[in-house]
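One structure below.
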Number of protein chains: 2
Amino acid sequence: MITSFTEENYLKSIYHLSPDEGTAVNTNAIAESLNTKAASVTDMLKKLADKEFINYIKYQGVTLTPLGRERALNIIRKHRLWEVFLVEKLNFKWDEVHDLAEELEHIHSDLLINRLDEFLEFPKTDPHGDPIPDKNGKFNVPELIPISRLKNETLGIISGVREHSPLFLKYLEKTGLVLGQEITIKEQIEFDGSFIISIKENDIMISREVAKNLLIAI
Amino acid sequence: MITSFTEENYLKSIYHLSPDEGTAVNTNAIAESLNTKAASVTDMLKKLADKEFINYIKYQGVTLTPLGRERALNIIRKHRLWEVFLVEKLNFKWDEVHDLAEELEHIHSDLLINRLDEFLEFPKTDPHGDPIPDKNGKFNVPELIPISRLKNETLGIISGVREHSPLFLKYLEKTGLVLGQEITIKEQIEFDGSFIISIKENDIMISREVAKNLLIAI
DNA sequence: TTATATTTTTAGATTAATCTAAAAATTATT
DNA sequence: AATAATTTTTAGATTAATCTAAAAATATAA
C-alpha cells in the first residue's frame, strides 16, 4: 500500500504521541504536532482507517494497527539513518539535520535504506541518541533518565535528549554537554530546581529546564 | 521562489527537450515525456510563466528563462550527484539508480547537495557519463560521438550513453561495454547497419540500435 | 444532574494538479 | 487559397489535502 508524504507524517505523529501501544491519541494533539487544524486531522484519520493503518472510533481517538506501527517505524528508521549519514559523512551538526531528514525520510525504497544502513555500519542510535529500528522494526529502548530525576553524586553518561530544537542542541554543544560525555550530579538548587553538575573537572550550572531534557545512562 | 516536485519535473523536461537554448519546446512533447495530457501541460505552462521560469506564448511553445534554466540545472545536478552516491557508495548498479535519483533530486537543500558534491570529491560525470553541473550550473559538454557515426579502424573510449533504460544498460554491462572501456570500430555491415567492434582483443557484433546509443570519446 | 466548556466531527469552500471533451489556432495538403 | 489534419487551449470535473464555521458529542463543574 502506497502512502503519501502527508499520510506518513500523520503515522509518525501518531506513533510519537503514543506513550504506549494501547493508549489512544486524540485529534487535537495530532493537529498541534502537525501544525494543522482538527478538522483536517479528522479527514485524514478516516482515510488512514480505511487503509487499515489505524484503529479509529469517532470521538475516541486513534491507535496504530500493527501495519501502521510497522510503517511508522520504517519512516523513523529512515529519518534516523539519514541523520547519521548527514552528521557522520557530510559533516552536519546535530542541530542542523532534523529538517533535512524530514524530507529524506519520505524517499520510498527499502533497498536504499538498507544499503545506507550497511554503509553506515548499522548504527544503533542517531546523532541525538535516539534508537534506530532495524530492518524488521526492532530496537531496544535504552534506559535513560533525565538529570532532573537523578540524585546527587550520581555518575553517568550523556546519552540522549528529550528536546530536539536547534537552539537547545546548540546550547548543549557550546556547553560541552555532548553525547558520550561523562558527568556527575553535584547538587540541586532548591530555589529554582537548577542543578550543578561536574563535567571534565569543572562544575557548571544548568537550569531545571535543561536538566529535564538531558538524558543520562547510569 | 519555492517550486513543487511537479513544477521541477516540468522544468527538467523542458530543459531536456531543448536541443539548444533558443528553440521552443512544444506542449505535446512535454506531455509525452511526463506521461501526462496536453491540457495538463498547458495549465502548468501558465503557472511556470507566471513564476517567470519560462517564456510562454500561446500556441508557440516555450523556452526556459535564465531563472528556469538555472533551476533545471540545479535539479539535474542533484539527480546526477545522487546517482554517483548510489553507485559509488551504496553499490547500486548503473541501471538501478535512475528512479531513486528522480526522488532524491527534489530534496530542497543547496547546502546538502554541495556537501554531497564534496563528499564524492567533485565528480565531473554521473555513472552514465553525463556531465554534472557545478554549484554555479557550469559544466563542459564533452565531445562524444555515437559509434554509428564513426569510421572503421577508429579507436576510442566508451564515455556515455544516449539511452538510459535499465534493459539497455544491463545489456551493455553484460557485454563488457562499460564506461572507460577502449574499443576499435572494425566494420559496418551494410545489410542491417550493425557494427563489428573489437574490445579486449575480441571482436563482437552490436546492432545499429546499440551503435546509435553508445557514445565514444576519440 | 443539569449547565458549561471543550473536543471532535460535519458541511461546504479552496487550491494544486490532473483529466475528458470540445473549441480554437496552427500547420499541412490538395 | 480553401480544406483537412494536427496541435493547443479552454471549459468544466475530479481528487487529495487543506481550511473556516457551525453542529454534535463528550467531559467538566456548579
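These numbers were taken from a predicted model, which means no experiment stands behind them. By convention in this document, chain letters (A, B, ...) are assigned in the order of the sequence lines, proteins followed by strands, and residues within each chain are numbered from 1.
Rounded to a whole Å, the CD atom of E32(B) is 13 Å from the C1' atom of dT7(D). As rounded to whole Å, 15 Å separates atom C1' of dT15(C) from atom CG of D50(B). Straight-line distance from the NZ atom of K37(A) to the C1' atom of dA22(D): 16 Å, rounded to whole Å. At whole-Å resolution of the value, CG in N28(A) and C1' in dA5(C) are 13 Å apart. Remark: P of dA25(C) and CG of N26(B) are 19 Å apart, rounded to the nearest angstrom. When the P atom of dT9(D) is taken as reference, atom NZ of K46(B) falls 8 Å away, rounded to whole Å. Atoms OH (Y59(B)) and P (dT6(D)) sit 17 Å apart, rounded to a whole Å. Here dT9(D) presents its P atom at 9 Å from CD1 of I30(B), a figure rounded to the nearest Å.
Side-chain proximity of A39(A) to the nucleotides dA21(C), dA11(C), dT18(D) is greatest for dA11(C). In this structure, the nucleotide among dC19(C), dT10(C), dT18(D) sitting nearest to the side chain of Y10(A) is dT18(D). The side chain of M44(B) sits closest to dT18(C) out of dT8(C), dT18(C), dT10(D). Minimum atom distance to the side chain of T36(B) is reached by dT18(C), of the listed dC19(D), dT18(C), dT9(D).
As judged by a 4.0 angstrom heavy-atom cut-off over every strand, D43(B) is placed among the base-contacting residues. Using a 4.0 Å heavy-atom distance criterion, T27(A) is classed as a sugar-phosphate-only contact. Nucleic acid contact for Y56(B): sugar-phosphate only, since backbone atoms but no base atoms lie under 4.0 Å from a heavy atom of the residue. Note on T6(B): only backbone sugar-phosphate atoms sit closer than 4.0 angstrom, heavy atoms only; bases stay farther off.
The shortest distance between the side-chain N/O atoms of S40(A) and the OP1/OP2 oxygens of dT18(D) is not below 4.0 Å.
Under the salt bridge (charged side-chain N to carboxylate O under 4.0 Å, His left out) rule, R77(A) has a single partner from D110(A), D126(A), D134(A), D117(A), which is D117(A).
Ring geometry for H164(A) versus H128(A): interplanar angle over 60°, hence perpendicular rather than tilted (30 to 60°).
Place A29(A) and K58(B) on DNA chain C by their nearest nucleotides, and A29(A) ends up nearer the 5' end.
For F5(A) and F5(B), the ring centers sit closer than 6.0 Å to each other.
Side-chain atoms of T3(A) do not come within 3.5 Å of backbone N or O of E8(A) as any donor-acceptor pair.
Minimum interatomic distance between S148(B) and R208(B) (heavy atoms only, all atoms of both residues): CB-NH1, 3.8 Å.
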